[in-house]
Asker: 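Structure in C-alpha coordinates, see below.
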Amino acid sequence: APEVTGAETSSTMIDYQVSGELDVQLPGGPMAFAAVIEYHEQDYLLKPDPRRVASDLGTPGVPIFINGSARQGGGDRDRLSVGAEFLLPVTPKLELTAAIRSDEYDNKSSTVGRRQSAMINFAYRPNDKFLLRGSVSESFRAPDMHYVYSQPSSVFSYGVDYPQCYANYLAGSTATGPIDPEDLATAASLCGNQGAYGDYFKTFQSGNKELLAEEGENYSLGFVLNIGENMSWQFDAYHVYLENQVAQESNSSQLVAEGVCLYGQAFIDWYDIAENVPQRDCDLITSRITRSQDTFPGDAPTSLTDVVNITRSPRNNGYIEYVGADTYINWRKETENVGDFAVSIGSTTIDHINYLADPYGDEIEFLSYYTYEPRSRQNMNFSYQYEKHQVNVNMTRMGHMNIVRNSSGGTKSDPHIITNVSYFYDFNPDFDTYISIRNIDDVMPQKDGGYSYPFFANGYYSAFGRYATIGVTYRF
(Lines give C-alpha, C1' and ligand atoms only; values in the text may rest on other atoms or scores of the structure.)
Protein backbone atom coordinates (compact mmCIF):
# COMPACT_ATOMS: atom_id res chain seq x y z
CA ALA A 1 0.00 0.00 0.00
CA PRO A 2 1.27 3.54 -0.70
CA GLU A 3 2.65 5.65 2.12
CA VAL A 4 0.10 8.21 3.39
CA THR A 5 0.91 11.36 5.37
CA GLY A 6 -1.89 13.53 6.74
CA ALA A 7 -1.58 17.31 7.11
CA GLU A 8 -4.13 19.82 8.39
CA THR A 9 -3.94 23.52 9.19
CA SER A 10 -6.36 26.33 9.96
CA SER A 11 -6.08 30.05 10.62
CA THR A 12 -8.76 32.47 11.87
CA MET A 13 -8.21 36.20 12.35
CA ILE A 14 -10.47 39.07 13.36
CA ASP A 15 -9.22 42.63 13.13
CA TYR A 16 -10.52 46.17 13.42
CA GLN A 17 -8.77 49.21 11.95
CA VAL A 18 -9.48 52.90 12.31
CA SER A 19 -7.66 55.96 10.95
CA GLY A 20 -8.15 59.68 10.60
CA GLU A 21 -7.04 63.10 11.78
CA LEU A 22 -6.92 64.18 15.41
CA ASP A 23 -8.10 67.55 16.70
CA VAL A 24 -4.47 68.56 17.19
CA GLN A 25 -2.99 71.21 14.93
CA LEU A 26 0.80 71.34 14.54
CA PRO A 27 2.77 73.98 12.60
CA GLY A 28 2.95 71.62 9.61
CA GLY A 29 -0.70 70.55 9.71
CA PRO A 30 -3.09 68.32 11.66
CA MET A 31 -1.86 65.20 13.45
CA ALA A 32 -3.06 61.96 11.87
CA PHE A 33 -3.34 58.47 13.34
CA ALA A 34 -4.10 54.86 12.56
CA ALA A 35 -4.89 52.08 15.06
CA VAL A 36 -5.47 48.35 14.81
CA ILE A 37 -6.53 45.52 17.07
CA GLU A 38 -6.46 41.91 15.92
CA TYR A 39 -6.99 38.45 17.32
CA HIS A 40 -5.46 35.43 15.59
CA GLU A 41 -5.95 31.69 16.19
CA GLN A 42 -4.03 29.05 14.25
CA ASP A 43 -3.41 25.31 14.55
CA TYR A 44 -1.83 22.51 12.55
CA LEU A 45 -1.40 18.73 12.56
CA LEU A 46 1.17 16.55 10.76
CA LYS A 47 0.47 12.83 10.96
CA PRO A 48 2.92 10.50 9.14
CA ASP A 49 2.12 7.00 7.98
CA PRO A 50 1.95 4.69 11.05
CA ARG A 51 4.37 2.30 9.35
CA ARG A 52 6.96 5.08 9.12
CA VAL A 53 6.58 5.83 12.86
CA ALA A 54 6.80 2.12 13.72
CA SER A 55 9.97 1.86 11.64
CA ASP A 56 11.56 4.74 13.58
CA LEU A 57 10.63 3.06 16.86
CA GLY A 58 12.17 -0.24 15.72
CA THR A 59 8.89 -2.10 16.21
CA PRO A 60 9.49 -5.82 15.51
CA GLY A 61 7.95 -7.18 12.33
CA VAL A 62 7.51 -3.87 10.47
CA PRO A 63 9.46 -2.83 7.36
CA ILE A 64 12.50 -0.64 8.05
CA PHE A 65 12.63 2.55 5.99
CA ILE A 66 16.22 3.39 5.01
CA ASN A 67 15.48 6.81 3.53
CA GLY A 68 12.91 9.56 3.78
CA SER A 69 11.57 10.99 7.02
CA ALA A 70 8.63 10.84 9.41
CA ARG A 71 7.71 14.40 10.42
CA GLN A 72 4.97 14.65 12.99
CA GLY A 73 3.59 17.29 15.33
CA GLY A 74 0.63 19.48 16.06
CA GLY A 75 -0.57 22.30 18.26
CA ASP A 76 -2.35 25.62 18.40
CA ARG A 77 -1.51 29.25 19.14
CA ASP A 78 -3.50 32.38 20.04
CA ARG A 79 -2.31 35.96 19.65
CA LEU A 80 -3.86 39.32 20.59
CA SER A 81 -2.25 42.42 19.10
CA VAL A 82 -2.87 46.16 19.36
CA GLY A 83 -0.98 48.90 17.56
CA ALA A 84 -1.06 52.61 16.88
CA GLU A 85 0.77 54.91 14.46
CA PHE A 86 0.93 58.71 14.51
CA LEU A 87 1.93 61.19 11.83
CA LEU A 88 3.29 64.43 13.25
CA PRO A 89 3.89 67.31 10.80
CA VAL A 90 6.19 69.17 13.21
CA THR A 91 6.86 71.96 10.72
CA PRO A 92 6.07 72.43 7.03
CA LYS A 93 9.51 70.91 6.34
CA LEU A 94 9.82 68.22 9.04
CA GLU A 95 7.55 65.21 9.41
CA LEU A 96 7.78 62.52 12.09
CA THR A 97 6.09 59.13 12.18
CA ALA A 98 5.95 57.09 15.38
CA ALA A 99 4.40 53.68 15.93
CA ILE A 100 4.09 51.18 18.75
CA ARG A 101 2.70 47.66 18.80
CA SER A 102 2.02 45.09 21.50
CA ASP A 103 1.63 41.37 20.79
CA GLU A 104 0.56 38.87 23.45
CA TYR A 105 0.88 35.12 22.85
CA ASP A 106 -0.73 32.40 24.92
CA ASN A 107 1.52 30.80 27.52
CA LYS A 108 1.12 27.21 26.31
CA SER A 109 2.59 27.70 22.83
CA SER A 110 5.85 29.49 23.74
CA THR A 111 7.67 31.63 26.28
CA VAL A 112 7.18 34.78 24.19
CA GLY A 113 4.38 36.19 26.35
CA ARG A 114 3.76 39.89 25.72
CA ARG A 115 6.20 41.82 23.54
CA GLN A 116 6.33 45.46 22.51
CA SER A 117 8.02 46.92 19.45
CA ALA A 118 8.36 50.52 18.34
CA MET A 119 9.36 52.54 15.30
CA ILE A 120 10.14 56.16 14.58
CA ASN A 121 11.20 57.80 11.34
CA PHE A 122 11.59 61.31 10.03
CA ALA A 123 11.49 63.10 6.69
CA TYR A 124 13.04 66.56 6.36
CA ARG A 125 12.49 68.60 3.18
CA PRO A 126 14.33 71.94 3.36
CA ASN A 127 13.29 72.58 -0.26
CA ASP A 128 11.68 70.77 -3.18
CA LYS A 129 15.05 69.40 -4.35
CA PHE A 130 16.26 67.57 -1.24
CA LEU A 131 14.85 65.01 1.18
CA LEU A 132 16.70 63.76 4.27
CA ARG A 133 15.19 60.68 5.89
CA GLY A 134 15.98 58.17 8.60
CA SER A 135 14.39 55.53 10.79
CA VAL A 136 14.91 53.45 13.92
CA SER A 137 12.78 50.39 14.51
CA GLU A 138 12.50 47.23 16.57
CA SER A 139 11.26 43.85 15.41
CA PHE A 140 10.52 40.47 16.87
CA ARG A 141 9.22 37.15 15.61
CA ALA A 142 7.72 34.27 17.56
CA PRO A 143 9.19 30.81 16.81
CA ASP A 144 7.45 28.86 14.06
CA MET A 145 4.87 26.50 15.49
CA HIS A 146 6.59 23.34 14.29
CA TYR A 147 9.77 24.36 16.12
CA VAL A 148 7.63 24.40 19.27
CA TYR A 149 5.24 21.48 18.73
CA SER A 150 7.25 19.03 16.64
CA GLN A 151 6.94 15.50 18.01
CA PRO A 152 9.87 13.08 17.59
CA SER A 153 10.49 13.19 13.85
CA SER A 154 13.18 11.46 11.84
CA VAL A 155 15.40 12.92 9.13
CA PHE A 156 18.79 12.13 7.64
CA SER A 157 21.08 15.07 8.39
CA TYR A 158 24.76 15.65 7.64
CA GLY A 159 27.49 15.82 10.29
CA VAL A 160 31.22 15.24 10.76
CA ASP A 161 32.25 12.69 13.39
CA TYR A 162 35.16 14.65 14.86
CA PRO A 163 35.38 12.48 18.03
CA GLN A 164 35.90 9.32 15.98
CA CYS A 165 38.46 11.11 13.85
CA TYR A 166 40.32 12.21 16.97
CA ALA A 167 40.15 8.70 18.50
CA ASN A 168 41.68 7.22 15.35
CA TYR A 169 44.35 9.92 15.40
CA LEU A 170 45.26 8.89 18.95
CA ALA A 171 45.36 5.20 18.00
CA GLY A 172 47.18 5.79 14.72
CA SER A 173 44.82 3.43 12.91
CA THR A 174 41.23 2.92 11.77
CA ALA A 175 39.06 -0.17 11.41
CA THR A 176 40.52 -0.65 7.93
CA GLY A 177 44.16 -0.60 9.02
CA PRO A 178 47.05 1.68 9.98
CA ILE A 179 46.98 5.33 8.99
CA ASP A 180 49.72 6.61 6.75
CA PRO A 181 51.84 8.86 9.01
CA GLU A 182 51.64 11.59 6.37
CA ASP A 183 47.85 11.59 6.68
CA LEU A 184 47.56 11.81 10.46
CA ALA A 185 44.90 14.37 11.39
CA THR A 186 47.01 16.63 13.55
CA ALA A 187 44.05 19.06 13.43
CA ALA A 188 40.29 18.72 12.94
CA SER A 189 40.43 20.49 9.59
CA LEU A 190 42.49 17.54 8.25
CA CYS A 191 40.02 14.81 9.21
CA GLY A 192 39.15 14.23 5.57
CA ASN A 193 42.68 12.82 5.04
CA GLN A 194 41.87 9.82 7.25
CA GLY A 195 38.62 8.68 5.69
CA ALA A 196 34.97 9.57 5.28
CA TYR A 197 34.00 10.99 8.68
CA GLY A 198 31.22 13.08 7.16
CA ASP A 199 27.92 11.25 6.75
CA TYR A 200 24.14 11.65 6.76
CA PHE A 201 23.17 10.33 10.16
CA LYS A 202 19.70 9.19 11.20
CA THR A 203 18.54 12.16 13.24
CA PHE A 204 15.54 12.54 15.56
CA GLN A 205 14.30 16.02 16.32
CA SER A 206 11.60 17.33 18.66
CA GLY A 207 10.06 20.69 19.45
CA ASN A 208 11.22 23.08 22.15
CA LYS A 209 8.70 25.21 24.08
CA GLU A 210 11.48 27.16 25.80
CA LEU A 211 12.55 28.98 22.63
CA LEU A 212 12.94 32.74 22.86
CA ALA A 213 11.50 35.16 20.33
CA GLU A 214 13.75 36.35 17.53
CA GLU A 215 14.59 40.04 18.01
CA GLY A 216 15.99 42.77 15.81
CA GLU A 217 16.97 46.41 15.53
CA ASN A 218 17.08 48.40 12.29
CA TYR A 219 18.67 51.79 11.63
CA SER A 220 18.74 53.71 8.36
CA LEU A 221 19.76 57.18 7.19
CA GLY A 222 19.65 58.51 3.67
CA PHE A 223 18.66 61.23 1.25
CA VAL A 224 17.03 61.86 -2.11
CA LEU A 225 18.42 64.71 -4.22
CA ASN A 226 16.65 65.97 -7.35
CA ILE A 227 19.29 67.26 -9.78
CA GLY A 228 17.52 69.46 -12.25
CA GLU A 229 14.18 68.36 -13.69
CA ASN A 230 15.20 64.95 -15.00
CA MET A 231 17.69 63.39 -12.56
CA SER A 232 17.54 62.12 -8.98
CA TRP A 233 20.13 60.61 -6.67
CA GLN A 234 19.13 58.36 -3.79
CA PHE A 235 21.41 57.06 -1.02
CA ASP A 236 20.52 54.98 2.05
CA ALA A 237 22.87 53.55 4.65
CA TYR A 238 21.58 50.81 6.93
CA HIS A 239 22.49 48.80 10.00
CA VAL A 240 20.50 45.65 10.76
CA TYR A 241 20.99 43.49 13.87
CA LEU A 242 19.10 40.21 14.40
CA GLU A 243 19.54 37.85 17.34
CA ASN A 244 18.04 34.65 18.74
CA GLN A 245 17.23 33.31 15.30
CA VAL A 246 15.67 29.86 15.67
CA ALA A 247 17.29 26.87 13.96
CA GLN A 248 18.09 23.24 14.58
CA GLU A 249 21.50 22.67 16.18
CA SER A 250 23.74 20.97 13.65
CA ASN A 251 24.90 17.39 14.14
CA SER A 252 28.51 18.56 13.80
CA SER A 253 28.06 21.03 16.68
CA GLN A 254 26.82 18.28 18.99
CA LEU A 255 29.59 15.92 17.88
CA VAL A 256 32.20 18.57 18.72
CA ALA A 257 30.59 18.92 22.15
CA GLU A 258 30.80 15.13 22.55
CA GLY A 259 34.51 15.31 21.77
CA VAL A 260 35.04 17.87 24.53
CA CYS A 261 33.06 15.72 26.98
CA LEU A 262 35.05 12.56 26.16
CA TYR A 263 38.58 13.99 25.86
CA GLY A 264 38.56 17.38 27.59
CA GLN A 265 41.28 19.95 26.92
CA ALA A 266 43.28 17.65 24.65
CA PHE A 267 40.39 17.61 22.15
CA ILE A 268 40.01 21.39 22.38
CA ASP A 269 43.72 21.85 21.63
CA TRP A 270 43.40 19.55 18.61
CA TYR A 271 40.17 21.11 17.30
CA ASP A 272 41.51 24.01 15.22
CA ILE A 273 38.34 25.12 13.44
CA ALA A 274 37.19 27.49 16.22
CA GLU A 275 38.92 29.13 19.14
CA ASN A 276 35.94 28.94 21.49
CA VAL A 277 34.86 25.34 22.22
CA PRO A 278 33.11 25.61 25.59
CA GLN A 279 32.07 22.86 27.96
CA ARG A 280 28.46 21.72 27.57
CA ASP A 281 26.12 19.59 29.70
CA CYS A 282 27.93 16.29 29.07
CA ASP A 283 25.16 14.08 30.42
CA LEU A 284 22.74 15.69 27.95
CA ILE A 285 25.19 15.59 25.04
CA THR A 286 26.15 11.94 25.45
CA SER A 287 22.49 10.95 25.86
CA ARG A 288 21.71 12.54 22.49
CA ILE A 289 24.40 10.71 20.49
CA THR A 290 23.91 6.96 20.20
CA ARG A 291 26.81 4.75 19.11
CA SER A 292 26.84 0.98 18.82
CA GLN A 293 28.97 0.94 21.99
CA ASP A 294 28.23 3.29 24.91
CA THR A 295 30.74 5.89 26.08
CA PHE A 296 30.66 8.18 29.09
CA PRO A 297 32.12 11.64 29.83
CA GLY A 298 35.84 11.48 30.53
CA ASP A 299 36.34 8.00 29.03
CA ALA A 300 38.93 9.24 26.49
CA PRO A 301 38.56 6.07 24.38
CA THR A 302 41.21 5.31 21.74
CA SER A 303 38.49 3.94 19.44
CA LEU A 304 34.88 4.93 18.85
CA THR A 305 32.17 2.96 17.08
CA ASP A 306 30.04 4.57 14.38
CA VAL A 307 27.13 6.88 15.15
CA VAL A 308 23.78 5.06 15.10
CA ASN A 309 21.56 8.14 15.50
CA ILE A 310 21.54 11.66 16.92
CA THR A 311 18.76 13.49 18.76
CA ARG A 312 18.45 17.27 18.58
CA SER A 313 16.04 20.12 19.27
CA PRO A 314 15.74 23.64 17.85
CA ARG A 315 17.56 26.37 19.70
CA ASN A 316 18.15 30.10 19.57
CA ASN A 317 21.28 30.88 17.59
CA GLY A 318 23.56 33.86 18.14
CA TYR A 319 23.18 36.92 15.92
CA ILE A 320 23.86 38.45 12.52
CA GLU A 321 24.69 42.10 11.88
CA TYR A 322 24.62 43.81 8.48
CA VAL A 323 26.13 47.22 7.68
CA GLY A 324 25.85 48.53 4.14
CA ALA A 325 24.43 51.10 1.76
CA ASP A 326 22.23 51.33 -1.36
CA THR A 327 22.67 53.96 -4.06
CA TYR A 328 20.44 54.76 -7.04
CA ILE A 329 20.70 57.36 -9.81
CA ASN A 330 17.79 57.87 -12.18
CA TRP A 331 17.58 60.07 -15.27
CA ARG A 332 14.64 60.45 -17.62
CA LYS A 333 14.09 62.71 -20.63
CA GLU A 334 10.86 62.91 -22.57
CA THR A 335 10.81 64.60 -26.00
CA GLU A 336 8.06 65.38 -28.47
CA ASN A 337 9.81 64.28 -31.66
CA VAL A 338 12.63 61.80 -30.98
CA GLY A 339 11.21 59.62 -28.21
CA ASP A 340 11.76 59.09 -24.48
CA PHE A 341 15.08 58.19 -22.82
CA ALA A 342 15.70 56.72 -19.35
CA VAL A 343 18.82 55.59 -17.48
CA SER A 344 18.95 54.03 -14.02
CA ILE A 345 22.02 52.93 -12.07
CA GLY A 346 21.83 51.04 -8.80
CA SER A 347 24.44 49.72 -6.39
CA THR A 348 24.24 47.67 -3.21
CA THR A 349 27.38 47.48 -1.07
CA ILE A 350 27.83 45.53 2.17
CA ASP A 351 30.57 46.88 4.39
CA HIS A 352 30.61 43.91 6.74
CA ILE A 353 28.49 41.11 8.17
CA ASN A 354 29.27 40.00 11.72
CA TYR A 355 27.86 36.53 12.28
CA LEU A 356 27.58 34.18 15.24
CA ALA A 357 25.71 31.08 14.08
CA ASP A 358 26.49 28.88 17.08
CA PRO A 359 25.86 30.57 20.45
CA TYR A 360 28.74 28.48 21.82
CA GLY A 361 31.10 29.40 19.00
CA ASP A 362 33.03 32.40 17.67
CA GLU A 363 31.92 35.51 15.83
CA ILE A 364 33.09 35.60 12.24
CA GLU A 365 33.16 38.31 9.58
CA PHE A 366 30.94 36.61 7.03
CA LEU A 367 32.32 38.17 3.84
CA SER A 368 35.91 37.29 4.71
CA TYR A 369 35.22 33.84 6.17
CA TYR A 370 33.00 32.31 3.49
CA THR A 371 33.43 31.87 -0.25
CA TYR A 372 31.02 33.24 -2.84
CA GLU A 373 29.60 36.06 -0.74
CA PRO A 374 29.70 39.18 -2.97
CA ARG A 375 30.42 42.46 -1.23
CA SER A 376 28.70 44.53 -3.91
CA ARG A 377 26.26 44.28 -6.81
CA GLN A 378 25.54 46.89 -9.47
CA ASN A 379 22.86 47.24 -12.09
CA MET A 380 22.48 49.71 -14.99
CA ASN A 381 19.52 49.94 -17.31
CA PHE A 382 19.10 52.10 -20.42
CA SER A 383 15.74 52.32 -22.20
CA TYR A 384 14.53 54.17 -25.28
CA GLN A 385 10.94 54.35 -26.45
CA TYR A 386 9.66 55.91 -29.66
CA GLU A 387 6.05 55.45 -30.70
CA LYS A 388 5.61 51.63 -30.93
CA HIS A 389 9.30 50.77 -30.53
CA GLN A 390 11.18 50.16 -27.27
CA VAL A 391 14.83 49.16 -26.71
CA ASN A 392 16.33 48.12 -23.36
CA VAL A 393 19.98 47.51 -22.50
CA ASN A 394 20.68 46.06 -19.06
CA MET A 395 24.06 45.41 -17.41
CA THR A 396 24.59 43.62 -14.10
CA ARG A 397 27.84 43.39 -12.17
CA MET A 398 28.65 41.04 -9.29
CA GLY A 399 31.74 42.20 -7.43
CA HIS A 400 34.81 40.38 -6.11
CA MET A 401 34.26 37.32 -3.93
CA ASN A 402 36.39 34.86 -2.02
CA ILE A 403 36.69 31.63 -4.00
CA VAL A 404 38.62 28.41 -3.43
CA ARG A 405 41.24 28.80 -6.18
CA ASN A 406 41.36 30.81 -9.41
CA SER A 407 43.50 30.03 -12.48
CA SER A 408 46.54 31.83 -11.03
CA GLY A 409 46.24 30.17 -7.61
CA GLY A 410 44.63 33.16 -5.87
CA THR A 411 41.47 33.19 -3.78
CA LYS A 412 39.65 36.21 -5.26
CA SER A 413 37.24 36.15 -8.18
CA ASP A 414 37.06 38.77 -10.90
CA PRO A 415 33.90 40.90 -11.24
CA HIS A 416 31.24 39.13 -13.28
CA ILE A 417 29.48 41.45 -15.77
CA ILE A 418 26.53 40.41 -17.95
CA THR A 419 24.85 42.54 -20.67
CA ASN A 420 21.34 41.89 -21.97
CA VAL A 421 19.59 43.62 -24.92
CA SER A 422 15.91 43.50 -25.82
CA TYR A 423 13.61 45.07 -28.41
CA PHE A 424 9.80 45.36 -28.15
CA TYR A 425 7.30 46.32 -30.84
CA ASP A 426 3.67 47.12 -30.02
CA PHE A 427 1.56 46.40 -33.13
CA ASN A 428 -1.74 47.37 -31.48
CA PRO A 429 -3.40 47.22 -28.02
CA ASP A 430 -3.98 43.49 -28.46
CA PHE A 431 -0.75 42.30 -30.04
CA ASP A 432 2.96 42.91 -29.33
CA THR A 433 6.23 41.04 -29.82
CA TYR A 434 9.80 41.08 -28.56
CA ILE A 435 13.27 39.68 -29.11
CA SER A 436 15.81 39.42 -26.29
CA ILE A 437 19.50 38.54 -26.37
CA ARG A 438 20.85 37.50 -22.98
CA ASN A 439 24.55 37.65 -22.11
CA ILE A 440 25.37 39.28 -25.44
CA ASP A 441 29.13 39.21 -24.68
CA ASP A 442 29.00 35.44 -24.08
CA VAL A 443 30.61 35.79 -20.65
CA MET A 444 31.10 32.40 -18.97
CA PRO A 445 31.51 31.72 -15.24
CA GLN A 446 34.99 31.99 -13.77
CA LYS A 447 36.45 28.54 -13.15
CA ASP A 448 37.27 27.55 -9.58
CA GLY A 449 39.81 24.83 -8.85
CA GLY A 450 37.83 23.82 -5.76
CA TYR A 451 34.92 22.51 -7.83
CA SER A 452 34.54 19.43 -9.99
CA TYR A 453 32.82 19.57 -13.39
CA PRO A 454 31.59 22.07 -14.59
CA PHE A 455 34.27 23.73 -12.40
CA PHE A 456 32.26 26.73 -11.12
CA ALA A 457 29.79 27.56 -8.34
CA ASN A 458 26.51 27.01 -10.15
CA GLY A 459 24.56 28.53 -7.26
CA TYR A 460 25.90 31.96 -8.25
CA TYR A 461 26.55 31.71 -11.99
CA SER A 462 24.47 30.57 -14.92
CA ALA A 463 25.86 27.88 -17.20
CA PHE A 464 24.30 29.61 -20.22
CA GLY A 465 26.39 31.78 -22.52
CA ARG A 466 24.78 33.95 -25.16
CA TYR A 467 21.22 33.00 -26.08
CA ALA A 468 18.17 34.65 -27.63
CA THR A 469 14.43 34.42 -27.05
CA ILE A 470 11.51 35.59 -29.17
CA GLY A 471 8.01 36.07 -27.85
CA VAL A 472 4.58 37.30 -28.89
CA THR A 473 1.58 38.34 -26.83
CA TYR A 474 -1.99 38.39 -28.09
CA ARG A 475 -4.85 39.55 -25.88
CA PHE A 476 -8.29 38.14 -26.58
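Residues take their numbers from the sequence shown, with the count starting at 1.
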Asker: Tell me which pairs pass salt bridge (Lys or Arg N to Asp or Glu O under 4.0 Å) where either residue lies in residues 156-167, with sequence neighbours left out.
Answerer: Asp161-Arg291
Asker: I'd like to know if Asp78 and Lys108 make a salt bridge, using a cut-off of under 4.0 Å between side-chain N and carboxylate O.
Answerer: no
Asker: Got more than 12 heavy atoms from elsewhere within 6.0 Å of OH, Tyr200?
Answerer: no
Asker: Say whether Ser292 and Thr305, considering side chains only, have a donor N or O and an acceptor N or O under 3.5 Å apart.
Answerer: yes
Asker: Rounded to the nearest 0.5 Å, how far apart are OH of Tyr105 and OG of Ser81?
Answerer: 6.0 Å
Asker: Can you say whether the rings of Trp270 and Tyr162 are parallel (under 30°), tilted (30 to 60°) or perpendicular (over 60°)?
Answerer: perpendicular
Asker: Are Glu249 and Arg312 within salt-bridge range, i.e. N to O under 4.0 Å?
Answerer: no
Asker: Phe296: which residues meet the ring-ring contact (aromatic ring centres under 6.0 Å, His included) condition with it, sequence neighbours left out?
Answerer: none
Asker: Working to the nearest 0.5 Å, report the span between CE of Met119 and CD of Glu138.
Answerer: 11.0 Å
Asker: What distance do Asp76 atom CG and Asp43 atom CG have between them, rounded to the nearest 0.5 Å?
Answerer: 6.0 Å
Asker: Would you please name every residue forming a ring-ring contact (aromatic ring centres under 6.0 Å, His included) with Phe366, sequence neighbours left out?
Answerer: Tyr355, Tyr370
Asker: Residues two or more places apart in sequence or in another chain: which of them pass salt bridge (Lys or Arg N to Asp or Glu O under 4.0 Å) with Arg438?
Answerer: none
Asker: Does Trp233, at its CH2 atom, have more than 12 non-hydrogen atoms belonging to other residues, nucleotides or ligands within less than 6.0 Å?
Answerer: no
Asker: Pairs of donor and acceptor atoms involving the side chains of residues 216-223, under 3.5 Å and at least two apart or interchain, shall be tabulated with distances.
Answerer:
from, atom 1, to, atom 2, distance (Å)
Glu217, OE1, Tyr219, OH, 2.9
Ser220, OG, Ser135, OG, 2.7

Asker: Apply salt bridge (Lys or Arg N to Asp or Glu O under 4.0 Å) to Glu38 and list each qualifying residue two or more places apart in sequence or on a separate chain.
Answerer: Arg79, Arg101
Asker: Do any pairs count as a salt bridge (Lys or Arg N to Asp or Glu O under 4.0 Å) and have a residue in residues 109-123, sequence neighbours left out, and if so which ones?
Answerer: Glu104-Arg114, Arg115-Glu215
Asker: Could I get the full list of side chain to side chain donor-acceptor pair (under 3.5 Å) partners for Asp351, not counting sequence neighbours?
Answerer: none
Asker: Output all residues satisfying salt bridge (Lys or Arg N to Asp or Glu O under 4.0 Å) with Lys209, sequence neighbours left out; order by chain, then residue number.
Answerer: none
Asker: So Phe140 and Val112, do their side chains get closer than 4.5 Å, heavy atoms only?
Answerer: yes
Asker: Relative to each other, are the rings of Phe464 and Tyr467 parallel, tilted or perpendicular (30° and 60° limits)?
Answerer: tilted
Asker: Could you pull out all residues at least two apart from Asn330 that satisfy side chain to side chain donor-acceptor pair (under 3.5 Å)?
Answerer: none
Asker: More than 12 heavy atoms of other residues, nucleotides or ligands under 6.0 Å from CZ of Phe341: yes or no?
Answerer: yes
Asker: Tell me, which pairs form a side chain to side chain donor-acceptor pair (under 3.5 Å) where one or both residues lie in residues 118-129, sequence neighbours left out?
Answerer: Thr97-Asn121
Asker: Sequence neighbours left out, what passes ring-ring contact (aromatic ring centres under 6.0 Å, His included) with His40? Give chain and number order.
Answerer: none
